[in-house]
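Residue numbering restarts at 1 for every chain, and letters A, B, ... go by the order of the sequence lines. Computed from heavy atoms alone, side chains included, the values below leave out hydrogens, waters and symmetry copies.
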Amino acid sequence: MTISNTNDLIEQEREARVILDSSNDAYIEIDTNNIIVDWNRSAQLILGWTREQVIGKKFAEVILPSRYREAQSKELKHFHNQVNLENTISNKRLEIFALRSDGQEFPAEITVFPVSSGNSVNLGAFIRQSREWKVADHNFRRLLELAPDAMVVVNQLGNIVLVNSQTENIFGYKREEILGKAVEKLIPDHSKFLAQCHSQSFNTGLELYALRKDGTEFPVEISLSPLETEVGLLVSSVIRDITERKQFEHDLKKQKELFQIILNSLADGVIVADHLGRFLVVNKAAQQMTGIDYKEVPIDKWSEHYGFYQMDNISFYPTQDLALVQAICGKSVVDSEMHIRNAHVPNGAWLSINGAPMELGDGESKVGVIVFRDISKRKQTEQNNAQLAAIVESTSDAIIGTNLDGTIINWNESAIKMFGYSKSEVANRPDSIIIPVDHLAEEEAIVKRLMTGAESTTRHESVRQTKHGNLIPVSLTISTIKDQTGNIIGISKIARDVTDSKEAEQTRLAVAQELKRSNAELQQFAYVASHDLQEPLRGVAGCLEIIEETYKGKLDEKMDKLIRHAIDGASRMHALIDDLLSLSGVTIKDMTIKPADLSLVLDSALANLEAPIKASQAVITQDPLPVLAVDSTYCIQLFQNLISNAIKFRADRQLKIHVGAKHEEKHWLFSVSDNGIGFKQEYIDRIFLPFKRLHTREQYPGTGIGLAICKRIVERHSGKIWAESEEGKGSTFYFTISDAKENNE
Amino acid sequence: MSDQKVQTIEILLIEDNPTDIFLTEEALAKTKIVNHLQVVGNGIEALLFLRKQGEYANAKLPTLILLDLNLPIKRGCEILAEIKGDENLKHIPVIVLSTSSQELDISRAYGLNANCYVVKPLSFHKFRDVLQAIETFWCTVATLPT
C-alpha cells in the first residue's frame with residue numbers, strides 16, 4: 001500500500017465517520033464474534049448507552065430482547081458460513097423490537113450489511129425507531145420532561161438507566177453524568193429502601209435524603225414502582241424535593257413547641273375545652289392551681305369533682321354558671337370569682353376567671369377558653385383588712401392615723417365619740433385640733449423622737465381636748481407606721497379615755513390611805529389601851545395582894561377565896577393584854593428582810609426553849625434548812641411558838657418533834673410535826689384565831705395567842721399556814737415562805 | 001450597913017397615878033433601906049423639882065429617880081431626855097418603871113440613857129422585891145458620885 005493510498009484510505013475513513021455520526025439512524029458494527037466495535041452518536045441517543053459503555057460488549061445482550069437472542073446467534077453463524085457475503089445479506093432489512101438502556105423495548109427497523117474489515121467481514125447495522133413508536137416515545141419523553149418531580153429509572157444492578165430533566169434540575173447533574181451510574185450517587189440509601197420495598201408492588205411516600213452534585217443533602221419523598229421488562233426488573237422512582245415541606249413541618253413543630261412553652265410559662269392558668277367539655281389545653285399553671293388534668297369528667301360533675309365552690313365557700317358552683325361552661329356556650333365572662341378546694345388544693349384557693357368563646361381555624365369547632373389567676377392572697381388581705389377595719393371601728397379607743405405632717409387620715413368611730421368631731425370635720429386637718437396648747441410641745445417632742453427610729457412605740461398619759469373644749473385625761477400610745485421597706489409613712493395615735501380609771505385610781509388610793517390611817521389608829525389604840533389598861537389592873541391586883549397579905553386568915557375562908565379569885569382574874573387579864581400587845585406589835589413593826597440561814601434561826605428558837613425541851617425530854621429532828629430572805633426575829637418566834645405548842649400538847653409517850661423543809665415550785669414548805677395529843681379536824685379553822693382555845697386553862701395554860709401570832713408572821717412573809725391533825729396521834733403545822741430573793745410584803 | 005440605914009436616901013417618884021403612888025409608897029415602906037420619897041405628878045413638876053425652881057427652891061436633889069413612862073403632859077421619855085441632857089442632872093440614876101414590856105419602849109428608854117428599865121410586875125409582892133433590889137443595887141452595891 002502506497003502512502004497516497006494510505007492517505008486516501010484515512011480520508012475515506014474520516015468521511016465515513018462524519019457520515020455515520022451525522023446519520024439520524026443508529027449505526028452499530030459488530031465483528032465476527034458478535035462484539036460491538038462501533039457505535040455512533042445516534043446509537044447513543046436511541047439506545048441510551050454511550051459508546052464507551054458498549055464497545056466490546058456482545059451486541060445481542062445490549063440491544064436485543066432475550067427472545068431474539070438465540071435466533072440472532074444462529075443467524076449470525078449462518079451468515080458467517082456464507083461464501084459470498086455481499087450477495088447473501090446485502091441490505092437485509094428486519095423489523096424487530098430493540099432494547100434501550102432503560103429496559104424499554106421499542107419497535108425498530110434494522111438494516112444489516114456486511115462491512116469489510118481487513119481480513120474479516122464485520123456486520124454493520126443501521127437501527128431506526130419505527131415511525132409510530134417514535135411519536136409515542138416522543139410523547140412519553142415529553143411527559144417525562146414535564147413531570148414536576150425528578151424521575152429516575154434504575155435497573156436490577158442499581159444503575160440509572162433513565163432520568164428526566166427535573167432530575168438534572170434537582171440534582172445539578174447533566175444526564176450524561178449519571179446515566180449508567182449507581183443510583184446511590186443520587187440517593188445514598190436507595191438500595192436499602194429498595195430492599196425493604198421489594199415485596200411490594202408499589203411504594204409511596206418514602207422519605208429519604210438525596211445528594212446533589214455539589215455535595216449538599218436535601219430531603220426527598222420517593223415513590224417507587226417496579227417495572228418488569230425484557231432486561232429484568234426495573235424500578236422507577238419519582239423523587240420529590242420536600243425541602244420546603246420539611247421546613248414547613250419543622251417550623252410548625254417549632255411553633256407548637258413555642259406555643260407550649262409560652263402557655264406553660266404563663267403565671268395565669270389557661271384551660272381550653274371543646275363543646276363536649278373535653279380539655280384541649282390545660283397549661284402548667286392551671287394544673288398547679290387546680291389539679292385539673294386532661295382526664296375526662298362529665299361537665300355536670302365538674303363542680304363536685306374539682307371542688308368548685310361559690311362565694312360562700314360551701315355551695316358547689318352551678319354548672320351552667322361556670323366560666324368555662326359559659327365560654328363553651330359562646331358567652332364571655334369577666335372577673336368571675338370562684339373558690340376551689342380539692343385534694344390537690346386542700347386549703348382551698350380563690351380564683352379570678354376570665355372566659356371567652358373561640359372558633360378554631362376550620363371555622364366549625366367552637367371551644368371555650370378560660371384564663372384565671374389565684375387571688376387567695378388578695379382575698380386574704382381583703383378579709384384581714386376588713387377585719388382590722390372592724391376592730392378599729394369597734395374598739396372603745398380612739399384611733400387616729402396621721403401622715404408625717406400630722407394631717408389626719410384615719411379617724412375611727414370612737415374618735416368621733418370621744419372628741420366630737422365627725423370624719424368629714426377632721427379630714428385633712430392637723431391633729432393638733434385635739435391637743436391642748438400646753439401639750440403641743442410634748443407631742444411634738446414625742447413624734448420627733450419616734451421619727452429618729454430609736455423606738456417605734458411610746459406610751460404616756462396626757463390630756464386631749466374635745467370639739468366643745470372639754471379636757472379628757474387619756475392614755476396615749478403613739479407608734480410609727482412603716483411601709484413594707486421600713487420607711488416611716490405615718491403616725492398612729494391611740495387614745496384611751498382614762499377618766500374612769502383615773503377616778504377609780506383616786507378612789508382606790510383614798511381607800512388605801514384611809515385603811516392605812518385607821519390601821520395605824522387601831523394599832524395606836526391597842527398600844528395605848530394596853531398601857532392604860534395595865535395600870536389600873538396593876539392597881540387592882542396590887543391592892544388585892546395588900547388586902548390578902550394584911551387580912552389572910554383574919555377573915556373567913558370564903559373571903560380569902562374571893563380575894564384569891566380576884567387576883568387570878570386580874571393576872572389573867574394582864575396576860576391577855578400583854579398578848580394583845582404582842583399581836584398588834586407583829587402588825588406594827590417594820591420587818592427587816594434579809595437572807596438568813598434558817599437552821600440558825602431554828603437553833604435560836606430551840607435555845608429559847610431549852611428549859612421546856614429538857615423538861616419534856618423531847619427528841620427533836622430536822623431536815624436541812626435553806627437560807628431565805630426573811631425577818632429572822634419573827635421566824636425565831638414562829639418556830640418557837642410552834643415547837644412550844646408541840647411540847648405543851650404532848651401525849652403520855654416519848655415526844656418526837658420533826659422540823660421538815662421541802663422546796664416546791666416557788667416556795668419552801670416547812671412543817672413542824674409532833675406525836676402529841678392532836679386535835680379534831682373540825683377545829684382546824686379555829687386554832688389560828690386569837691384567844692381561841694381548845695382546852696381549859698386548867699388542862700393547858702395559855703391565852704391562845706401563839707398560833708394567831710404565827711399566822712401573822714407567815715402572812716407578813718407572803719406565805720400560808722395550815723395544820724393537819726388526828727386526835728390522839730399528833731399534829732403537823734405547815735407553812736410556806738417564798739424563795740424570792742427579796743420578800744415583798 | 002447600919003450607917004447606911006441611918007443615912008436616908010432621897011428618891012423622886014415621877015408618877016401621876018395615885019394607886020401606883022400608893023403601891024410604890026407601900027412597897028418602899030417595907031424595904032430595908034431608909035428612904036425619903038418625894039412624888040411629883042407630871043414631867044413639868046419633875047423638872048421644876050430637879051432644877052429647884054418655883055415652889056421646889058428648897059428641894060433636895062434625889063439619889064434615885066423612879067420615872068413612870070406613861071405620864072400626862074410630858075411623856076416619860078421626854079422627861080428622861082431632858083434629865084439626861086442636863087449637865088447638872090444627868091448623873092442621877094433614872095429607873096424607868098413601866099407597864100410596857102414592848103421592845104420598842106425598852107430600847108427607846110435605853111437609847112435615851114435610862115439607867116435601868118423595869119417592867120412593873122403585876123404582883124405587888126414581886127414589885128416590892130424589885131424595888132428592894134433596885135435600892136440595894138443603887139445604894140449599897142453601886143458607888144454613885146456625891
Open item on the list: Check this for me: A/Tyr551, atom OH, are more than 12 non-hydrogen atoms of other residues, nucleotides or ligands nearer than 6.0 Å?
Closed with: no

- [ ] Please say whether more than 12 non-hydrogen atoms of neighbouring residues, nucleotides or ligands are located less than 6.0 Å from CD in A/Glu514.
- [x] yes

TODO: Could you tell me which non-hydrogen atom of A/Ile546 sits nearest to which non-hydrogen atom of B/Glu26, and how far apart they are?
DONE: CD1-CG, 4.0 Å

- [ ] Give a yes or no on whether the backbone of B/Asn17 and the side-chain of A/Glu535 come within a donor-acceptor separation of less than 3.5 Å.
- [x] no

Task: pair A/Arg538-B/Phe127: side-chain heavy atoms closer than 4.5 Å - done: yes

Open item on the list: Could you check whether A/Glu549 pairs with B/Arg128 (Lys NZ or Arg NE/NH1/NH2 to Asp/Glu carboxylate O, under 4.0 Å)?
Closed with: yes

TODO: For residues A/Cys543 and B/Thr19, determine if any side-chain heavy atom of one lies less than 4.5 Å from a side-chain heavy atom of the other.
DONE: yes

- [ ] Could you list which of residues 41-69 of chain B have a heavy atom closer than 4.5 Å to any heavy atom of chain A, in residue-number order?
- [x] B/Asp68

Task: Residue B/Leu122 versus chain A: region with a heavy atom under 4.5 Å - done: both

Task: chain A contact via B/Pro121 - which portion, at a heavy-atom distance below 4.5 Å - done: backbone

TODO: Identify, with sequence neighbours excluded, every residue that meets ring-ring contact (aromatic ring centres under 6.0 Å, His included) alongside A/Tyr734.
DONE: A/Trp722

